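Since the structure comes first, as structure tokens, the remarks are kept for the end.
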Amino acid sequence: EPDWERLRALWKELEFHTLIRQIPASAPAAVAAEALPTLEGPEALERWLGAVPADAPVAVDWVGEGAPPEPTLSALGLFHPAAGAAILPLGSVPPELGGRRLIGHDVKPMIEWWLARGGSPPAFEDTAVGAYLLNPARTNYKLDEVSAELLGEGPGLAAPGTRARWVWKLWEMLPRALKEVGLDTLYEEVERPLVPVLAAMERHGIRVDPGGLEAFSKELDGTLVGLTRQIYTLAGGEFNIGSPKQLAEVLFEKLKLPPVKKTKTGYSTDADVLEQLALGHELPAKIIEHRTLAKLKSTYADALPELIHPSTRRIHTSFNQLVAATGRLSSSAPNLQNIPIRTELGRRIRAAFLPEPGWRFLAADYSQIELRILAHVSGEESLLAAFRAGEDIHQRTAAEVFGVNVTAVVAEQRAIAKTTNFAVIYGVTAFGLSNQLSFTPKQAQEFLDRFFGRHAKVKAYLERTVAEGRQRGFVQTLLGRRRYIPELQSGNPNLRGFAERMATNAPIQGTAADLVKIAMVRMAKALAEGGFKARMLLQVHDELLFEAPEDELARLEALTREVMESAMALDVPLKVDIKTGADWEQA
DNA sequence: GCGAGGGT
DNA sequence: ACCCTCGC
């Protein structure tokens, strides 16, 4: 008989998703076989805790559904070596744990559950967060898989009390493991304190105006109906506009338009391609417009009202702390980190986000955070000088690279310099830059050469980063957050090139993530200590969004600027732009 | 799973 | 570069 669980683990690692589905379902026998004591009532819990030394922590594993704003937890598995494993069924009141510190694995839902029940959450450690710092590139941080990686084996299918035993085992090794690689401070000062901050933000949620979105949806629908008719006329027949396959048939076979580029499965119909085709035919522009409106309607105008929580009347995103390999947060269900902003129509979505009635939004975003970090880590004088002098950085770059006076830079030169600045942070290739700038790869290469000629220390920094990464197997941020990139040693030039771009981007994007997380932790503390009614609602990578009563705005603005601009001391000043408004579009 | 497109 | 969601 095959060892199905090992096979499952192996195939999972190899991403054989289809094969995994053919593995017979694992038998739940193990769960039934364990007879753990169930602690019914406060006295039973007190007795169990009596066996735990007074100031010792307790390992927990929570059972339930973790969605904000009110996770539903049915039980906690508990473990301490002196008291053994037990199961604690949960009622409506948070359990009294005698002030003990808890050790959990992915505790944010549990913290949120505690908050939802009006309790003040206990102090805690989080083994999933620790495991994320040790290796942020895992696809998931399930207790079983993290245990398998760090301990050689895991609980498999087990009762919560037994799972808590594994949480305990993880915590027996994690502090030392974190310290060994210099991640203990990041854990203690940033990631762990951030957990309850995120829990509170998720619980607060944000108000949206469903009426406004529904009206906008109807408007979009009207426009889409008209566009669809025009598209069918131009195409000489009906087809599914949402199907890239059918669209490709219409464009490249029926209408004989020239295919521009290919995907793995056929001819590409992405926006770049359609824009090119639009020069020779009326249809592609209509397709672009249709796609834009359909995206706004389905992803935002129709979806967001559905996600309004019936009791809070607000939208509660989940901020995931364990997803992005660079250290950034991500947001899901819904993603509130990609609410449109660039186009007029898109901003109608943003305008539907509202503060508490009578309150105002305050949005604070870091100006050029990643370029400032690049200036700091590279020591590039021209960048340092430009930021210290408060200059327009893209204009300055343009002046240097085009060899003209700063005052003589024209808009097009500035735009090219701006794209190049981002390309450098992303570690982009001449080929990638050429696509973005509609240059030939040769022109783009010449441009990059001129950029690096004028920014020798940036070039040296990037080369140093890649070389160190190749030699050590990982790159790191200013605070020591690591990202392992074994592909830097690959013999495959494509794979290695991709790895090198990740290696140049990760320390910069990751340092920005570290910095914003520090600001969040300090802002949460400062708001509490300052007796503010204001709340921190969202983080969008380089921006924090707050809502506050009118009479707190001035104080909040001063506090936010002070906290965010002092989050890290770099060789360049940090600059924060702050706006307030009656909706998120104005703020 | 893929292509596409929204954000940083 | 990093994400998430949508429709097919």
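Bear in mind the structure is a predicted one, so any value in this text is a computation, not a measurement. Each chain gets a letter, A, B and so on, in the order the sequences are listed, and its residues count up from 1.
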Open item on the list: For B:dA4 and A:Ser268 - does any side-chain N or O of the residue sit under 4.0 Å from the phosphate oxygens OP1/OP2?
Closed with: yes
TODO: Quick one: label A:Ala271 by what it contacts on the DNA or RNA (base, sugar-phosphate, nothing), any heavy atom closer than 4.0 Å.
DONE: sugar-phosphate
- [ ] Scan A:Ala294 against the nucleic acid and name what it touches under 4.0 Å (heavy atoms): base, sugar-phosphate only, or nothing.
- [x] nothing
TODO: Could you state the atom-to-atom distance from CG of A:Leu220 to C1' of C:dC6 in whole Å?
DONE: 15 Å
Open item on the list: Regarding A:Leu296, tell me which of base, sugar-phosphate or nothing describes its non-hydrogen contacts under 4.0 Å with the strands shown.
Closed with: nothing
Open item on the list: Categorize A:Thr504 for me: base, sugar-phosphate, or nothing, with a 4.0 angstrom heavy-atom threshold over every strand shown.
Closed with: nothing
TODO: Scan side-chain atoms only and decide if A:Asp449 and A:Gln445 contain a donor-acceptor pair under the 3.5 Å cut-off.
DONE: yes
- [ ] Assign A:Ile339 to base, sugar-phosphate, or nothing according to its heavy-atom contacts below 4.0 angstrom with the strands shown.
- [x] sugar-phosphate
- [ ] For A:Gly427, report the nucleic acid contact type (base, sugar-phosphate, nothing); a contact means any heavy atom under 4.0 Å.
- [x] nothing
Open item on the list: Less than 4.0 angstrom between a side-chain N/O of A:Thr292 and OP1 or OP2 of B:dG5, yes or no?
Closed with: no
- [ ] Could you tell me whether A:Gln337 contacts a base, only the sugar-phosphate backbone, or nothing, with contacts defined as non-hydrogen atoms closer than 4.0 Å?
- [x] sugar-phosphate
Open item on the list: Under 4.0 Å, counting only non-hydrogen atoms across every strand here, what does A:Asn505 touch: a base, just sugar-phosphate, or nothing?
Closed with: sugar-phosphate
Open item on the list: What contact category does A:Tyr267 fall into here, base, sugar-phosphate, or nothing, at under 4.0 angstrom with non-hydrogen atoms?
Closed with: nothing
- [ ] May I ask you to decide whether A:Glu543 forms a salt bridge with A:Lys579, counting only side-chain N to carboxylate O separations under 4.0 Å?
- [x] no
Task: Distance test, side-chain N/O of A:Asn240 to OP1/OP2 of C:dC8, below 4.0 Å - done: yes
TODO: Looking at every strand, decide which applies to A:Tyr300 at a 4.0 Å heavy-atom threshold: base, sugar-phosphate, or nothing.
DONE: sugar-phosphate
Open item on the list: So, OP1 or OP2 of B:dG6: does either fall under 4.0 Å of a side-chain N or O from A:Arg342?
Closed with: no
TODO: Could you tell me whether A:Ala325 contacts a base, only the sugar-phosphate backbone, or nothing, with contacts defined as non-hydrogen atoms closer than 4.0 Å?
DONE: sugar-phosphate
Open item on the list: Taking donor-acceptor contacts at under 3.5 Å, does the side chain of A:Lys295 reach the base of B:dG5?
Closed with: yes
TODO: Look at all strands and tell whether A:Arg501 reaches a base, only sugar-phosphate, or nothing, counting heavy atoms closer than 4.0 Å.
DONE: sugar-phosphate
Open item on the list: Looking at A:Arg291, I'd like to know whether one of its side-chain N or O atoms comes within less than 4.0 Å of OP1 or OP2 on B:dG6.
Closed with: no
TODO: Look at A:Ser330 and C:dC4 and indicate whether a side-chain polar atom (N or O) is within less than 4.0 Å of OP1 or OP2.
DONE: yes
